[in-house]
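Encoded as structure tokens, the structure appears first; notes follow it.
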Amino acid sequence: MYSVFRNLAIIILSAKFFGLVARKCKAPQVVGEILAGLIIGPCVLNLVQTSDAISTFAEIGVVMLMFTTGLGTNLKELIKAGPIATLVACVGVAVPLVGGTLLYSAFYGFSAVGSPEFYRALFIGTIMTATSVSITVATLQELGHLKSFLGTTIVSAAVIDDVIGIVVLTCVLGASSGTGTGLGKVLINTVLFFATAVGVGVVAHSAMTWLDKRNPHTQRITIVSMAFCFAMAYIAEEYFGIADITGAYIAGIVLCTMDDAPYVERRVDISNYIIFAPIFFASIGLKTDISGLTPEIFLFCVCFVIVALITKIIGCGLAAKLCRFNWGDSLKIGVGMMTRGEVALIVAQKGLDVGVVDSVYFTAVILLIVVSSVATPLVLKALFTKMPPQKHPSQVNG
């Protein structure tokens with residue numbers, strides 16, 4: 001029991017220290033926290049080994065992370081984005097999904113649809129579908145284009161991308177769980193869950209709105225919201241076979257239009273920032289098995305990064321061109337959508353939990369996050385300098 005406290009102390013301090021170092025180096029803080037796990041874990045110093053307690057803390061962290069992501073969603077902007085952002089997001093999920101599946105199959109052989117190896121290949125593609133635009137948002141803000149039509153399209157498409165990605169993750173996890181559940185049954189369960197979520201969401205939103213008006217900016221709002229988050233995570237996993245993070249994300253979406261949603265998001269984020277999130281990201285490093293990194297797997301990791309970046313640029317860029325953006329702005333949208341972050345790690349973690357992906361492939365995901373986080377701001381700045389954005393035809397006609 002006491003070794004748990006020792007391990008938590010080491011994880012939290014090292015994760016925060018390396019997170020600050022990463023931020024000083026202009027890299028995402030999450031990169032430093034993952035690096036901390038690699039250093040204190042079996043890969044280097046072997047001070048901490050993963051355990052059931054750490055895994056539980058990490059699971060709570062990922063559920064809270066997805067809940068705050070849902071809470072931070074601007075539902076009105078999401079609806080306003082309309083067909084352009086939706087098409088960009090759909091193609092931006094489909095092309096990397098196919099690209100990742102083909103990449104794994106090219107390395108390890110093409111397998112029959114429905115076989116365990118097929119689902120391994122499909123899951124590699126699923127990891128590639130995730131988009132994280134925090135770096136892109138900061139870059140667009142610095143360049144003064146965040147509020148532009150182009151900037152709004154990128155941010156809205158990224159939000160829709162996350163929703164589609166979670167649905168894809170849910171279907172792939174359910175179909176590859178090894179319980180004999182076919183893809184058709186998984187799709188039915190997914191539809192039933194979202195139908196149930198709509199019904200529960202309407203009731204929960206009304207109840208929370210009433211409670212919020214009676215007790216604005218109070219701790220009880222945060223407490224009830226957290227209870228709703230964990231309840232939705234439990235219902236999703238237990239009754240529908242859906243990933244708990246999907247339930248937590250939907251809980252956040254349900255409450256995102258509540259007056260006190262930003263207040264709840266800040267309160268939940270404080271607890272997560274101090275304890276649970278660092279443990280989750282550090283646990284990724286703890287579970288990463290570099291000892292099994294053969295030359296073949298290292299080559300796969302490099303190809304994984306290249307394919308993940310190119311497929312996002314091609315998929316989102318071509319979709320933007322179909323939506324009547326010029327080639328320069330289409331390329332900017334593609335580059336803006338190629339960053340990966342927390343969601344890619346969460347997807348990989350879920351795959352590890354059900355045995356669809358091996359821990360050695362975390363190296364590929366970590367490499368992708370680092371490369372995309374460094375490359376995206378540099379490429380975007382160069383593109384905006386050489387090719388200033390043009391008005392979209394809908395703005396000209398308007």
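Numbers here simply count residues along the sequence, with the first being 1.
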Looking at every non-hydrogen atom in both residues, tell me the closest pair between P278 and E33 and how far apart they are. CA-OE1, 4.0 Å
Can you tell me how far the CD1 atom of I253 sits from the CG atom of L71, to the nearest 0.5 Å? 8.5 Å
Nearest heavy-atom contact between S55 and T50 is OG-OG1, 3.8 Å
Sub-4.5 Å side-chain heavy-atom contact between Q49 and I54: no
Is it true that a side-chain atom of K312 and a backbone atom of V95 form a donor plus acceptor pair closer than 3.5 Å? no
Taking every non-hydrogen atom, the tightest pair across A308 and R340: O-NH2, 2.9 Å
How about CZ on F110, more than 12 heavy atoms from neighbouring residues, nucleotides or ligands closer than 6.0 Å, or not? yes
Using 0.5 Å steps for rounding, measure from the CG atom of D269 to the CG atom of L65. 8.0 Å
So, do F67 and M232 sit near enough that their side-chain heavy atoms are less than 4.5 Å apart? no
Pairwise side-chain contact, T363 with F298, heavy-atom cut-off 4.5 Å (strictly under): no
Please round to the nearest 0.5 Å and tell me the distance separating atom SG of C229 and atom CE of M66. 10.5 Å
Give the C-alpha distance, both sets of side-chain angles, the deciding distance and a yes or no for side chain to side chain contact (heavy atoms under 4.5 Å, CB included) between S14 and I39. CA-CA 9 Å; S14 60; I39 292 172; over 6 Å; no
Audit row: F362, L352, side chain to side chain contact (heavy atoms under 4.5 Å, CB included) steps and yes/no: CA-CA 9 Å; F362 273 119; L352 182 64; 3.3 Å; yes
Within 45° of the axis and under 6.0 Å from the centre of the six-membered ring of Y273, does NZ or CZ of K16 qualify? yes
Interatomic distance, NE2@H217 vs CZ@R267, rounded to 0.5 Å, equals 9.0 Å
M338 pairs by side-chain contact (heavy atoms from CB on, under 4.5 Å) with which of I313, L380, V371? I313
For M64 and F230, work out which heavy atoms get closest and say how close. CG-CZ, 4.3 Å
Shared ILVMFWY cluster between V357 and L102, side chains joined below 4.5 angstrom? no
Answer whether the closest heavy-atom distance between the side chains of L255 and V264 falls below 4.5 Å. no
Taking D329 first and then K321, would you say they form a salt bridge - that is, a charged N and a carboxylate O separated by under 4.0 Å? no
Check for a donor-acceptor pair, side chain of T196 on one end and backbone N or O of L192 on the other, with a separation under 3.5 Å. yes
Give a yes/no verdict on a cation-pi contact between K332 and F384, requiring under 6.0 Å between NZ or CZ and the six-membered ring centre and an angle within 45° of the axis. yes
Does Y108 have more than 12 heavy atoms from other residues, nucleotides or ligands lying within 6.0 Å of its OH? yes
Consider only side-chain heavy atoms of I, L, V, M, F, W and Y, link residues closer than 4.5 Å, and tell whether I223 and Y234 are in one cluster. no
Ring geometry between Y104 and F300 (parallel below 30°, tilted from 30 to 60°, perpendicular above 60°): perpendicular
Would the number of heavy atoms belonging to other residues, nucleotides or ligands and lying under 6.0 Å from CG of N46 be above 12? yes
Does D260 reach the main-chain N or O of D212 with its side chain, forming a donor-acceptor pair under 3.5 Å? no
Close side-chain approach of V91 to L318, heavy-atom, < 4.5 Å: no
On a heavy-atom basis, which atom in V48 and which in L286 lie closest, and how many Å separate them? O-CD2, 3.6 Å
If every non-hydrogen atom of K350 is compared with every non-hydrogen atom of D244, which pair is closest and at what distance? NZ-OD1, 2.8 Å
Donor-acceptor pair, distance only, cut-off 3.5 Å: does the side chain of Q390 make one with the backbone of P388? yes
ILVMFWY cluster, V302 and I310 together (side-chain gap under 4.5 Å): yes
For residues I270 and F281: do they belong to one hydrophobic cluster (side chain heavy atoms under 4.5 Å, members Ile, Leu, Val, Met, Phe, Trp, Tyr)? yes
